[in-house]
Amino acid sequence: MKITYKTPIVEMQGDEMTRVLWDWIKELLIEPYVELNTEFYDLGLPNREATGDKVTVDAANAIRKYGVGVKCATITPNAQRVEEYNLSNMWLSPNGTIRAVLDGTVFRTPIMVDGVTPFIPSWTKPITIARHAYGDVYKNSELKVNKGGAKCSVKIEYADGSVQEKPIADFGTDESGIIQGIHNKDKSIASFARSCFNYALDTAQDVKFGAKDTISKTYDHNFKDIFQDIFDAEYKDKFASAGLNYEYSLIDDSVARVIRSDGGFIWALKNYDGDVMSDMVATAYGSLAMMTSVLVSPDGKYEYEAAHGTVTRHYYKHLKGEKTSTNPVATIFAWTGALAKRGETENNTKLVEFAKRLERACIMTIESGVMTGDLALLFKRDGVTIKTVTSREFLLAIKDAFDKM
Ligand code: NAP
Ligand code: MG
């Protein structure tokens, strides 16, 4: 008897190699065991083009409605893709569109296996990075100063006619330089804070947040204050009864503490810090192919995916009929994340257990020495011989391990 559940999960198909893996994962690891009830959206680039990208907005609204989604990696078009797919428009990043609709925060967590040791060996537990994905330098306004005698300022003009202005720099006789204006919104920072605190309660992890409030006494300090106010008013008691901690520290200090830590917490970071630190943390844990990603909205909607892209290079080999050794683990974990969340929302322990068991089967398969090429380069475990396999052989080995459990 297959496992069933009531409310649909929003399924978003994607592009290239991950699109191929998507169907194989469903065929071999999910559909034999679970009676899938999904609302399906094809976010593959050809269908985004055919629908004028309406499909992406529809999918995002469906996640709002059903609360749980699972997404395959998708192409974000650039000039070369516009040509390759003969696009009428350089469609926006689907992840950006979905994030904007859900007002969510992305949490990235590495999947750890015995045999792939992080570059920081004391990191025995995963570090989850939460990056604030709105504003700051990503929505900036920049100018080059290119004449002498420049005086630069920031200025606010209110609708009621009042004005606030503050100098940035007086360039004097210097003839060249640069200036920049950035912004953020309290509403967005508050959503970020709530998403972090909710996800912390959800996954039973502490939250660390770092910013540069000592230097940026208005801008960064505002982040610090909003986090603290929301924590004190809405989360302090819940954290206390769950035995969890929220800790703010200066960003430099935060970095030092994270390096010395053993992991197992959520590291909340401003947009730029999160951009930089997520690449550092991903690399330190080993492989981008082992990084999961979940978008959490402040009102508790969840969208699961792999952190990597569509693995274009492998796809072109696949199209030529060559077998590829693309790692499907993060995409499998996107599915198990969504199924476990749906199990939780419906008190469906069978579904939750299925998801956890499938995750264990992936890890056991790798730890037994059977893995894709990316991991074979990193893996080292006493007494275990590495067998590098193709994507499909790997999925079959996971299925075998799962069936034996
Ligand atoms: P990518 O797809 O993540 O792949 C970059 C390289 O990382 C691959 O060529 C491969 O290295 C390695 N890699 C990534 N995932 C792997 C896996 N599962 N198994 C084995 N190796 C893996 O990034 P990209 O090539 O820069 O981007 C390709 C497309 O994906 C772009 O169109 C981009 O817009 C899109 N993208 C989508 C998302 C998303 O939907 N969330 C995120 C990022 C990028 P080797 O070639 O050395 O084997
Ligand atoms: Mg980055």
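Atoms within each ligand, like the ligands themselves, are counted from 1 in listed order. All values reported here derive from a predicted model rather than from experimental measurement.
- Considering backbone and side-chain atoms together, H314 places an N or O closer than 3.5 Å to an N or O of ligand 1.
- Atom 12 (C) of ligand 1 lies below 4.0 Å from none of the non-hydrogen atoms of the protein.
- Considering both main-chain and side-chain atoms, A73 never comes within under 3.5 Å of ligand 1 through any nitrogen or oxygen pair.
- Aromatic ring orientation, F197 versus F227: perpendicular (interplanar angle above 60°, classes split at 30° and 60°).
- For atom 32 (O) of ligand 1, the nearest protein heavy atom lies closer than 4.0 Å.
- Between the side chains of H132 and S188, at least one donor N or O lies within less than 3.5 Å of an accepting N or O.
- In the vicinity of K71, heavy-atom distances shorter than 4.0 Å reach the ligand 1 atoms 40 (O).
- Distance screen at 4.0 Å: atom 6 (C) of ligand 1 has no protein heavy-atom neighbour inside the cut-off.
- Ranking protein heavy atoms by distance to atom 36 (N) of ligand 1, first place goes to G309 CA, 3.4 Å.
- Among residues two or more places apart in sequence or in another chain, the side-chain contact (heavy atoms from CB on, under 4.5 Å) test is passed with E84 by E16, Q80, R81, Y316.
- Considering H183, K270, K187, K139 as possible partners of Y134, the one that fulfils the side chain to side chain donor-acceptor pair (under 3.5 Å) test is H183.
- Considering backbone and side-chain atoms alike, T74 places an N or O below 3.5 Å from some N or O of ligand 1.
- When distances from atom 43 (C) of ligand 1 to the protein are checked, a heavy atom turns up under 4.0 Å.
- Note on ring orientation: taking the six-membered ring where Trp is involved, the planes of F354 and F402 are perpendicular (angle over 60°, cut-offs 30° and 60°).
- Within the 4.0 Å cut-off (strictly below), a protein heavy atom is located near atom 19 (N) of ligand 1.
- Per-atom contact check: atom 26 (O) of ligand 1 does not touch the protein, criterion being a heavy-atom distance below 4.0 Å.
- Ring orientation note: the planes of F209 and F223 are tilted relative to one another, at an angle of 30° to 60°.
- Both tests pass for K238 against the ring of Y235: distance under 6.0 Å to the centre and angle within 45° of the axis.
- Heavy atoms of R81 come nearer than 4.0 angstrom to ligand 1 in at least one pair.
- Contacts between R313 and ligand 1 below 4.0 angstrom, taking non-hydrogen atoms only, involve the side chain exclusively.
- Taking atom 41 (N) of ligand 1 as the reference point, the nearest protein heavy-atom neighbour is E305 OE1, 3.3 Å.
- Residue-environment remark: CD (E165) exceeds the threshold of 12 foreign heavy atoms within 6.0 Å.
- Using cut-offs of 30° and 60° for the angle between ring planes, the Y199 and Y302 rings count as tilted.
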Given D403 and Y33, is the side-chain hydrogen bond (donor to acceptor under 3.5 Å, both in side chains) satisfied, shown in steps? CA-CA 10 Å; D403 287 339; Y33 312 99; 2.6 Å; yes
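- A distance of 8.0 Å separates CE in M277 from CD1 in I129, rounded to the nearest 0.5 Å.
- Counting only heavy atoms of the protein, atom 29 (C) of ligand 1 lies nearest to T310 OG1, 3.0 Å.
- Inclusion of T312 in the set of residues having an N or O under 3.5 Å from an N or O of ligand 1 is not warranted.
- Side chain to side chain, S93 and N95 fail the donor-acceptor criterion of an N or O pair below 3.5 Å.
- Every atom of ligand 1 with a heavy atom of T326 under 4.0 Å away is listed here by number and element: 17 (C), 18 (N), 19 (N).
- The protein heavy atom nearest to atom 14 (C) of ligand 1 is H308 CB, 3.9 Å.
- When non-hydrogen atoms are compared, ligand 1 lies under 4.0 Å from the side chain of N95 (C-beta onward) but not from its backbone.
- Among V311, V329, T76, the residue whose heavy atom sits closest to atom 34 (O) of ligand 1 is T76.
- If you number the atoms of ligand 1 from 1 as listed, the ones under 4.0 Å from a heavy atom of A289 come out as 16 (C), 17 (C), 18 (N), 19 (N).
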Can F333 and T109 be said to form a side chain to side chain contact (heavy atoms under 4.5 Å, CB included), step by step? CA-CA 11 Å; F333 273 60; T109 309; over 6 Å; no
